[in-house]
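Data block below; observations after.
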Amino acid sequence: MKRYIYLFLLLLTACIDPYETEVEQGQQYLTIDGTITSVAQVHRVRLTRGDTYGSIFQGLIRPVTGATVIVRDNLGEVTFLEENEEDRGYYETPATFAAVVGRSYSLQIQLVDGKVYTSFPEKVEAAPLIKSLGYQSQRIPVEGEVNDASGVQLIVDIDDPADQNNFYYFRNSEATYVLETRPDLYTTPPPDRSPAPKDCCFTCFQTETVGNQSYFISSDDNFNGLSTRLIAGFIPDNGRRFVNTYRIDLRQLNVSQEAYRFLRLVKQQSEISGSVFDPPPANIRGNMISLDDPEEVVLGFFIAAGESKKRVYIKNSDLDFVQNIAIIPDDCRVVPGASLLPPFDWRPNE
């Protein structure tokens, strides 16, 4: 019996050689995300490198810096973009730049290693005007949670032109809202946590940019030449945005058919539920190519579009449902980006 015990102990203490395997790092694809429109403003192009699906470094995104980036139209007019020194990898046009309706534009990039990339030309079509911009509350059940998530859904009314095929892409622009805090509930820092109410300030104005959690796009195949209503955006309720008044500018872009197809594929990919039966995330190619190696995979899309804007003031009293107030027990001025003064064009009662 003892022999078996000794043998068992010997097996437990025996050395086991570690199993080593090499995991191939995914290729770092260049990704380009850029949009110019017919509205004069700072337009941005973002250059990054990320790893392919399946890489052990998947999700690691690195800015591409030091590139030469230009936009060229079909008449030969060139605009240089400058890299933002504080936000590396972002390249910006002058604030006065606006794409001209009817012209075609290409994005051209030269990296520090000398490699050159270009987009296929994108023609700018006029964007129909937004006739009206409305909103409504939207509740979203959350699995495993007692309380629903919620937010505000943006809805546009447009008269679609009959003389052209239109492809709509809606994007949120800068927003400002009345920020209400409770400085009267302020307490000293730990460990004391003693009441130390402040007299000021209860109300500020907070400016932010809230990106959509999904892609709001539409083709006029089913309503060409007709008046129609479209869901154009969603703003999540974080317990602060809709306590009083929230203002947002909605951008309506009239993109090319190729851009619409790209955005639709990205939308479909981003909305995959994540079950084991879903296809794996795909690298979706856009309209960018390498002039040095036509076989190189370049990701992303350069969009040139006509743009129209509409502003709306969302008032708490008009909403059917809002989240419980997220109380900030301090002076509203301590919140980053908050200001006591409203924007010069703040006119909620017009």
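Each residue takes its place number in the sequence, starting with 1.
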Backbone of Glu125 reached by a side-chain donor or acceptor of Gln164 within 3.5 Å: no

For Tyr169, the ring-ring contact (aromatic ring centres under 6.0 Å, His included) test, sequence neighbours excluded, returns none

Quick one: does Asp237's side chain have a donor or acceptor within less than 3.5 Å of a partner on Ala149's backbone? no

Looking only at heavy atoms, what is the nearest atom pair of Pro189 and Tyr186, with distance? CD-OH, 4.1 Å

Might you work through the side chain to side chain donor-acceptor pair (under 3.5 Å) test for Ser104 and Asn74, ending with a clear yes or no? CA-CA 5 Å; Ser104 297; Asn74 58 310; 4.9 Å; no

Before accepting this row, confirm whether a basic side-chain N of the pair Glu208/Arg241 lies closer than 4.0 Å to the acidic partner's carboxylate O. yes

Electrostatic pair Glu77:Arg72 at N-O distance under 4.0 angstrom: no

Could you walk me through whether Glu174 and Thr209 pass the side chain to side chain donor-acceptor pair (under 3.5 Å) test, one step at a time? CA-CA 5 Å; Glu174 188 175 79; Thr209 300; 5.0 Å; no

Of the options Asn84, Leu81, Thr35, which is the one that meets Arg44 in a side chain to side chain contact (heavy atoms under 4.5 Å, CB included)? Asn84

Shortest non-hydrogen contact between His43 and Ala98, atoms and distance: NE2-CA, 4.4 Å

Do Met288 and Ile109 pass the side-chain contact (heavy atoms from CB on, under 4.5 Å) test, and can you show the C-alpha distance, the side-chain angles, and the key distance before you say yes or no? CA-CA 10 Å; Met288 301 293 306; Ile109 300 164; 4.1 Å; yes

Same hydrophobic cluster for Val210 and Leu133, using side-chain heavy-atom links shorter than 4.5 Å among ILVMFWY? yes

Minimum heavy-atom separation for Ile284 and Phe262, please, with both atom names. O-CE1, 3.7 Å

Using 0.5 Å steps for rounding, measure from the CD1 atom of Ile231 to the CD atom of Gln136. 7.0 Å

Is Asp292 paired with Lys115 through a side-chain N to carboxylate O contact shorter than 4.0 Å? no

Using distance alone, with no hydrogens and no angle criterion, decide if Asp148 and Ser150 have a side-chain donor and acceptor under 3.5 Å apart. no

Can a donor-acceptor pair be found, under 3.5 Å and without considering hydrogens, that links the side chain of Asp73 to the backbone of Gly76? yes

Are Tyr215 and Phe170 close enough, and set up right, to give a side-chain contact (heavy atoms from CB on, under 4.5 Å), and what steps lead you there? CA-CA 8 Å; Tyr215 288 84; Phe170 298 97; over 6 Å; no

Checking side chain to side chain contact (heavy atoms under 4.5 Å, CB included) between Tyr168 and each of Asp160, Leu253, Val255, which is the one that passes? Asp160

Straight-line distance of Arg251 CZ to Thr37 OG1, nearest 0.5 Å: 5.5 Å

Nearest heavy-atom contact between Ser219 and Phe167 is OG-CE2, 3.6 Å

Would you say that Val78 contacts Val71 through its side chain, given a criterion of any heavy-atom pair below 4.5 Å between the two side chains? no

Find out whether Gln138 and Val152 are in side-chain contact, i.e. whether some heavy atom of one side chain is under 4.5 Å from a heavy atom of the other. no

Would you please test Asp345 and Arg311 for salt bridge (charged side-chain N to carboxylate O under 4.0 Å, His left out) and show each step? CA-CA 11 Å; Asp345 55 353; Arg311 171 172 291 176; 3.1 Å; yes

Mind checking the CD-CG spacing from Gln110 to Leu291? Nearest 0.5 Å is all I need. 10.0 Å

Point-to-point distance, once rounded to the nearest 0.5 Å, from CZ of Arg285 to CD of Glu296: 8.5 Å

Between Arg240 and Asn238 the two heavy atoms that sit nearest each other are N-OD1, 3.0 Å

Pairing of Lys309 and Asp249 as salt bridge, 4.0 angstrom limit: no

Please confirm whether the backbone N or O of Leu107 pairs with a side-chain atom of Ser119, one donor and one acceptor, at under 3.5 Å? yes

Are Ile158 and Leu129 close enough that some pair of their side-chain heavy atoms sits under 4.5 Å apart? no

Is there a path of hydrophobic side-chain contacts, each under 4.5 Å between heavy atoms of I, L, V, M, F, W or Y residues, that connects Val100 with Phe97? yes

Test item: Ile248 and Asn172 side chains (from C-beta on) under 4.5 Å apart, heavy atoms: yes

Whether Thr188 side chain and Ser194 backbone form a donor-acceptor pair below 3.5 Å: yes

Show, in sequence, the C-alpha distance, side-chain angles and deciding distance for Arg103 and Val124, and conclude whether the side-chain contact (heavy atoms from CB on, under 4.5 Å) test is met. CA-CA 6 Å; Arg103 293 190 189 181; Val124 177; 5.9 Å; no

Do the non-hydrogen side-chain atoms of Leu111 and Val64 ever get within less than 4.5 Å of each other? yes

Nearest-0.5 Å distance that lies between atom CD in Glu92 and atom CD in Gln41: 11.5 Å

Report whether Tyr29 and Tyr117 are members of the same hydrophobic cluster (ILVMFWY, side-chain heavy atoms less than 4.5 Å apart, transitive linking). no

Hey, mind stepping through Val312 and Arg247 against side-chain contact (heavy atoms from CB on, under 4.5 Å) and telling me if it holds? CA-CA 6 Å; Val312 66; Arg247 185 186 80 178; over 6 Å; no

Without swapping roles, check the side chain of Glu83 against the backbone of Gly89 for a donor-acceptor pair under 3.5 Å. yes

Please say yes or no: joined through hydrophobic side-chain contacts below 4.5 Å, possibly via intermediate residues, are Phe216 and Tyr260 part of one cluster? no

Determine, using ring centers only, whether Tyr177 and Tyr246 are less than 6.0 Å apart. yes

Is it true that Phe242 and Val178 fall in one hydrophobic cluster, defined by side-chain heavy atoms closer than 4.5 Å? no

Asn287 side-chain N/O to Phe302 backbone N/O, donor-acceptor pair under 3.5 Å: yes

Taking the side chain from Ser38 and the backbone from Val101, do they hold a donor-acceptor pair closer than 3.5 Å? no

Separation between CD1 (Ile328) and CG (Leu179), nearest 0.5 Å, reads 5.0 Å

Side chain to side chain donor-acceptor pair (under 3.5 Å) between Asn254 and Asn166, intermediate numbers included: CA-CA 6 Å; Asn254 190 12; Asn166 296 290; 2.9 Å; yes

Evaluation steps, salt bridge (charged side-chain N to carboxylate O under 4.0 Å, His left out), between Arg139 and Asp320: CA-CA 10 Å; Arg139 299 178 65 165; Asp320 298 328; over 6 Å; no

Contacts under 3.5 angstrom, residues 197-207 side chains, donor-acceptor by atom type, not counting sequence neighbours:
unit_1	atom_1	unit_2	atom_2	d
Lys198	NZ	Asp330	OD1	2.7
Gln206	NE2	Pro336	O	3.0
Thr207	OG1	Thr176	OG1	3.2

Might you work through the salt bridge (charged side-chain N to carboxylate O under 4.0 Å, His left out) test for Asp157 and Lys310, ending with a clear yes or no? CA-CA 11 Å; Asp157 289 299; Lys310 194 75 171 179; over 6 Å; no

